[in-house]
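All remarks here apply to the structure that follows.
Letters go in sequence order (proteins before strands), and every chain restarts at 1.
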Number of protein chains: 2
Amino acid sequence: MVDEIDRTLISLLQDDATRSYATLGQAVGLSSGAAHERVRKLRERGVIRRTTIEVDQAALGRTVTAYVLVDSDTWMGDSGAALAAIPDIEEAHVIAGQASVLLKVRTSATRELQDVLRRVFEVDGVSGTRSAVVLETFFERTLT
Amino acid sequence: MVDEIDRTLISLLQDDATRSYATLGQAVGLSSGAAHERVRKLRERGVIRRTTIEVDQAALGRTVTAYVLVDSDTWMGDSGAALAAIPDIEEAHVIAGQASVLLKVRTSATRELQDVLRRVFEVDGVSGTRSAVVLETFFERTLT
DNA sequence: ACTGAAAATTTCCGCTC
DNA sequence: GAGCGGAAATTTTCAGT
């Protein structure tokens, strides 16, 4: 499926997706054409979802990051769309454990965080939230 | 600093960083050269950190995602490096709230998650952990 | 999976506003 | 300082093998 060469290519592209196929090929001992073909297939199969840029959110005004544990009194397995409709939520996961859902939220200020919490409370089944505001981010990295 | 045109360019590149500068220029009413210059400066200033690929972690065998709340009995503000040395930790944040640090962990199985927890316990100051294993991810998206 | 040539893109330049 | 337009260098793409 995904062999050692594919993993190397993925790792190199994660680090810098602007690398040329010639460079990629050299790194794994293939021609640029062959490297390109490998990467094309990884995209086709969905292993590589997309090429994107990593943005400094703080530079765009999103200085507040918070995680929100959502408690519920009913099953929330169908609440994905309702949560996706709240723009400042970056991630939403159903979790096993004390709470039902975990959200990652990014806003420009704590005032906006409050707005997000108000809207979360309006989602069906939500009975409470516990927020943990990020004071410092040690790292957010891509696993190889 | 970052005007409306920059924001549009960033948004377009977040969606697909393989867009040509000619296309980007058209979208914002600039020549390809001017669009290129804008993006170059955004990179230079660190607003755009890097160009990367988004990978389907499950396709690479990382099927388990978990969040770990780390309790501590001392200040953990200097523990970033110790945590970064544990390879399966994707994110680590210092948080305000019940716990001290929040980790996002991705492993190939719950067995490896256990290994990560064992190593987290070896970090100075850690007095306990509470893990929330992800059952379903509603979404992980890039905010615009 | 490689080669080689055509097509497209990126990158750089002098010039203008 | 920001943008334009074109030319040069590089990369991507697509035959055929």
Side-chain angles (χ1 to χ4, degrees), chain A residues 1-63 87 106 108-109 140-144, chain B residues 1-62 108 140-144:
Chain A
M1 301 277 122
V2 179
D3 65 13
E4 207 42 57
I5 290 179
D6 287 333
R7 284 190 180 266
T8 305
L9 292 173
I10 288 170
S11 175
L12 289 168
L13 288 172
Q14 278 184 319
D15 182 58
D16 179 6
T18 68
R19 283 185 159 95
S20 72
Y21 289 115
T23 306
L24 291 172
Q26 271 197 308
V28 298
L30 290 176
S31 69
S32 75
H36 181 265
E37 181 67 6
R38 289 259 189 174
V39 175
R40 195 191 61 71
K41 282 181 182 164
L42 287 169
R43 287 182 201 282
E44 191 180 69
R45 289 155 51 197
V47 178
I48 295 176
R49 289 224 181 87
R50 62 173 174 167
T51 303
T52 186
I53 54 171
E54 217 177 86
V55 175
D56 179 356
Q57 294 294 337
L60 295 184
R62 289 190 190 271
T63 53
R106 283 195 136 106
S108 58
E140 290 177 303
R141 63 189 178 189
T142 57
L143 299 178
T144 58
Chain B
M1 302 279 122
V2 179
D3 66 12
E4 206 43 57
I5 291 179
D6 287 333
R7 284 189 181 267
T8 305
L9 291 172
I10 288 170
S11 176
L12 289 167
L13 287 173
Q14 277 183 319
D15 182 57
D16 178 6
T18 68
R19 284 184 158 97
S20 74
Y21 289 111
T23 306
L24 291 172
Q26 271 198 308
V28 297
L30 290 177
S31 70
S32 74
H36 179 264
E37 181 66 5
R38 290 259 190 173
V39 174
R40 194 190 62 70
K41 282 181 182 165
L42 286 169
R43 286 183 202 282
E44 191 180 67
R45 288 157 51 197
V47 177
I48 295 177
R49 289 226 182 84
R50 61 172 175 170
T51 303
T52 185
I53 55 171
E54 218 178 83
V55 175
D56 179 357
Q57 293 294 339
L60 295 183
R62 289 191 191 270
S108 58
E140 290 175 304
R141 64 188 175 188
T142 57
L143 298 179
T144 58

Mind listing the side-chain donor-acceptor pairs of residues 21-29 of chain B below 3.5 Å, one per line with the distance, residues two or more places apart or on another chain?
residue : atom : partner : partner atom : Å
T23(B)  : OG1  : S20(B)  : OG           : 2.9

Distance-only donor-acceptor hits, side chain of residues 30-39 of chain B, under 3.5 Å, sequence neighbours excluded:
residue : atom : partner : partner atom : Å
S31(B)  : OG   : A34(B)  : N            : 3.1
E37(B)  : OE1  : R40(B)  : NE           : 3.3
E37(B)  : OE2  : R40(B)  : NH2          : 3.1
R38(B)  : NH1  : D3(B)   : OD1          : 3.0
R38(B)  : NH1  : D3(B)   : OD2          : 2.8
R38(B)  : NH1  : D6(B)   : OD1          : 3.3

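R43(A) meets the salt bridge (charged side-chain N to carboxylate O under 4.0 Å, His left out) test with no other residue; sequence neighbours excluded. Under the salt bridge (charged side-chain N to carboxylate O under 4.0 Å, His left out) criterion, R49(A) pairs with D56(B), not counting sequence neighbours. Under the side-chain hydrogen bond (donor to acceptor under 3.5 Å, both in side chains) criterion, R19(A) pairs with D15(A), sequence neighbours left out. Applying the side-chain contact (heavy atoms from CB on, under 4.5 Å) test to T144(A) and every residue at least two apart in sequence or in another chain returns S11(A), Q14(A). Annotation: side-chain contact (heavy atoms from CB on, under 4.5 Å) contacts of T18(B) (sequence neighbours excluded): T51(A), D16(B). When the side-chain hydrogen bond (donor to acceptor under 3.5 Å, both in side chains) test is applied to T52(A), no partner is found at least two apart in sequence or on another chain. A search for side-chain contact (heavy atoms from CB on, under 4.5 Å) contacts involving R7(A) returns V2(A), E4(A), L60(B), not counting sequence neighbours.
In this structure, the helix from dA1(C)-dT17(D) to dC17(C)-dG1(D) shows an angle of 30° between the axis at its start and the axis at its end, each fitted on 5 base pairs and rounded to 10°.
Heavy atoms only, all atoms of each residue included: M1(B) and R45(B) are closest at O-NH2, 3.1 Å.
The stretch residues 43-55 of chain A does not touch DNA chain C, since none of its heavy atoms comes less than 4.0 Å from the strand.
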Generate the contact string for nucleotides 1-17 of chain D. Rules: B means base contact, S means sugar-phosphate contact only, - means no protein heavy atom under 4.0 Å. -SSS------SSS----

